[in-house]
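Inspection log for the structure reproduced underneath, given as structure tokens.
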Amino acid sequence: MKPLTHFKTTKVLRNIFLSLGAIFALVTAAHAQNLYVSAQVPPSHAILEFTPDGTQSTYASGLSFPRGLAFDSIGNLFAAETVEPDDHDLGRVLRFNLRNKVSTVGSVTNFFFEGLAVDIAGNAYVMATDDKSPTLAGTIFKFTPDGDRIIFGSVPGTTTGNEPQQNWGLAFDSAGNLYAADGGAQTIYKFAPNGSRTVFVGPSAFAAGEYPVGLAFDSSGNLFVSIDALSNFSGNDTILEFNPQGVKISTFATGLSFPRGLAFDSSGNLFVAEVNQPELNQPGDILKFPPGGGPPTVFASFSRGRPEFLTFGPPR
């Protein structure tokens with residue numbers, strides 16, 4: 001009887017977890033979601049929270065190079081950050097629970113953390129760049145709810161000209177496949193749930209000097225990609241749209257200045273973190289594009305500093 005009892009208990013706990021996730025999804029769908037933004041805002045780095053009307057508040061401060069953000073199915077907010085003790089990187093994944101208490105899910109030495117995504121089971125995946133690699137090769141680490149750290153996959157990275165390029169965003173499609181932007185290789189990789197890797201979009205889809213950065217799927221399964229041309233001039237960057245087969249549909253937006261994270265709201269508006277050039281007194285902003293494209297509006301402006309990655313979630 002003990003094995004049967006254990007099976008029933010496990011099944012009940014699983015059903016409770018799934019029910020909580022369903023309740024969270026219903027609640028967030030029924031109410032307007034707030035926008036959460038990782039930002040470098042001197043003198044501190046922070047996670048900012050914006051209401052639908054653009055009212056800004058600071059959700060978390062005192063962070064170190066915060067990057068990717070994502071909610072799990074029960075409302076915990078995960079954030080990737082990198083601290084730099086003793087001249088080496090220490091990447092960490094933080095979790096803010098429903099009571100806004102923060103804990104460290106896991107960490108890795110000598111890696112800089114960028115994009116982050118969470119699957120339906122509550123596992124957090126983070127794109128980590130090896131700061132000791134001459135090509136900035138990337139590793140995707142998976143952190144389980146129990147705190148285990150697993151190497152889920154990798155991307156090669158590469159040196160373009162004399163400069164190695166960064167690895168950036170992560171995003172899940174509706175089937176549970178994970179997509180990763182490898183900037184240096186000008187490639188977007190697709191990882192099946194078992195970790196097998198294929199090329200979703202290769203270098204031929206990008207012009208010379210264009211590098212994929214942020215990733216986000218719309219409700220139709222099309223992938224939107226922010227493109228950094230690594231130019232010293234503003235206004236040279238774009239957002240591209242690819243269908244579920246990896247074929248380019250359109251250049252969704254042009255004239256951008258160093259776009260990073262992307263996120264769709266429940267109405268299909270696309271929000272873009274535009275870094276701009278704060279060092280040249282051109283602070284960043286958050287742009288809002290209507291469904292189907294068209295001229296954006298400025299959802300939020302930064303008087304100083306710059307936004308990095310975005311996600312939508314319930315008011316905290």
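What you see is a predicted model; the values in this text were computed from it and never measured. For the single chain, residues carry numbers from 1 onward in sequence order.
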Do the non-hydrogen side-chain atoms of [X] and [Y] ever get within less than 4.5 Å of each other?
X	Y	value
Phe71	Asn76	no
Thr82	Ser64	no
Glu81	Phe113	no
Leu287	Val298	yes
Tyr179	Val201	no

### Task
State which residues pass salt bridge (charged side-chain N to carboxylate O under 4.0 Å, His left out) with Arg95; sequence neighbours excluded, sorted by chain then number.
none

### Query
By salt bridge (charged side-chain N to carboxylate O under 4.0 Å, His left out), which residues pair with Arg260, not counting sequence neighbours?
Asp228

### Query
Do other residues, nucleotides or ligands put more than 12 heavy atoms under 6.0 Å from the CD1 atom of Ile151?
no

### Task
Start with the C-alpha distance between Phe96 and Tyr59, add both sets of side-chain angles, then the distance that settles ring-ring contact (aromatic ring centres under 6.0 Å, His included), and finish with yes or no.
CA-CA 10 Å; Phe96 298 85; Tyr59 175 72; 5.3 Å; yes

### Message
Tell me which one of Asn167, Thr187, Ile188 satisfies side chain to side chain contact (heavy atoms under 4.5 Å, CB included) with Val155.
### Response
Asn167

### Task
Establish, yes or no, whether a centroid distance under 6.0 Å links the rings of Phe78 and Phe143.
no

### Results of side-chain hydrogen bond (donor to acceptor under 3.5 Å, both in side chains) for Asp119 - residues two or more places apart only
Asn123, Tyr125

#### Entry: Under 3.5 Å side-chain donor-acceptor pair for Asp53 and Thr51
yes

